[in-house]
Amino acid sequence: MTFFQDFPVPPTPPRGRAVRYVPPVWAGAPLYELPVVVHIGQFLHRSPTMVMAVKSADVFSTGCSFDVSWTIRRGDQTDEEWADLNEMFFRPGPGVRRGAGGTSMLLFGAAFPDGSKSSTGAHPHGFFEGTEEPDPPVLLMRNGGGNGGDDELSGSGSLWLWPLPPAGTLRLVAAWKDFGLEECSISLDGSRLRGASSGVQKFW
């Protein structure tokens, strides 16, 4: 016998099942799909001090997630200038660079053949606010990350594009003024991406 055996143990209260959040189709990839991976392997930008590339696209039934990476090498910046760039590089959203007199952020865009377009600047933190279906297309920057040091900075992320692009040319655009990256773009075959969606497999 122990002291605590004289006290009854209260029953565990019943708990209902938590309701899993299912994002609307424009806000992210479907939860229970195995996408088709389409190789892209194109440079958005390549110079002696900066490289930005689109590696591949995960194609889902409702949209595409593009795997993007970038690497920046230190040029002739002073220690103070490089420290300033480090601060800007790891800033999660738009910010003001010392002495720049304006805001700066890494921007991506997408343009459909009919002229409709979208920019990650409309949702700088990667999340779509609101419950009403927006006008397509929608482009969101997700899962961004990076690392840096005394002479190099590198980062990566995924671009969620909704909906699947139509037949014709899909244009992906990037710009990052504080790092000398003026507007640049690549063209992709929308038919190829849309056609790959026929191979998407459902989990359940």
Extract all donor-acceptor atom pairs below 3.5 Å that involve side chains of residues 28-36 and protein atoms in other chains or at least two apart in sequence.
from	atom 1	to	atom 2	distance (Å)
Y32	OH	R20	NE	3.1
E33	OE1	S61	N	3.1
E33	OE1	S61	OG	3.2
E33	OE2	S61	OG	2.5
E33	OE2	K202	NZ	2.5

Is there a side-chain contact between [X] and [Y] in this structure, where contact means two heavy atoms from C-beta onward sitting under 4.5 Å apart?
X: V54; Y: L44; result: yes
X: P163; Y: V25; result: no
X: W70; Y: F179; result: no

Legend entry - Aromatic ring pairing W160/F60, orientation class (parallel under 30°, perpendicular over 60°, tilted between): perpendicular

Inset, instruction - Report the hydrophobic cluster partners of V51, with the cluster defined as I, L, V, M, F, W, Y residues connected by side-chain heavy atoms closer than 4.5 angstrom, directly or transitively. - result: F43

Legend entry - Partners meeting side-chain contact (heavy atoms from CB on, under 4.5 Å) with D135 (sequence neighbours left out): none

Legend entry - Which residues share a side-chain hydrogen bond (donor to acceptor under 3.5 Å, both in side chains) with S118, sequence neighbours left out: none

Inset, instruction - For R74, check salt bridge (charged side-chain N to carboxylate O under 4.0 Å, His left out) against everything at least two apart and list the hits. - result: D79

Legend entry - side chain to side chain donor-acceptor pair (under 3.5 Å) contacts touching residues 37-57 (sequence neighbours left out): H45-S47

Inset, instruction - Could you tell me if the ring centre of W82 sits under 6.0 Å from that of F89? - result: no

Legend entry - Sole residue of V138, L140, L139 in side chain to side chain contact (heavy atoms under 4.5 Å, CB included) with T120: L139

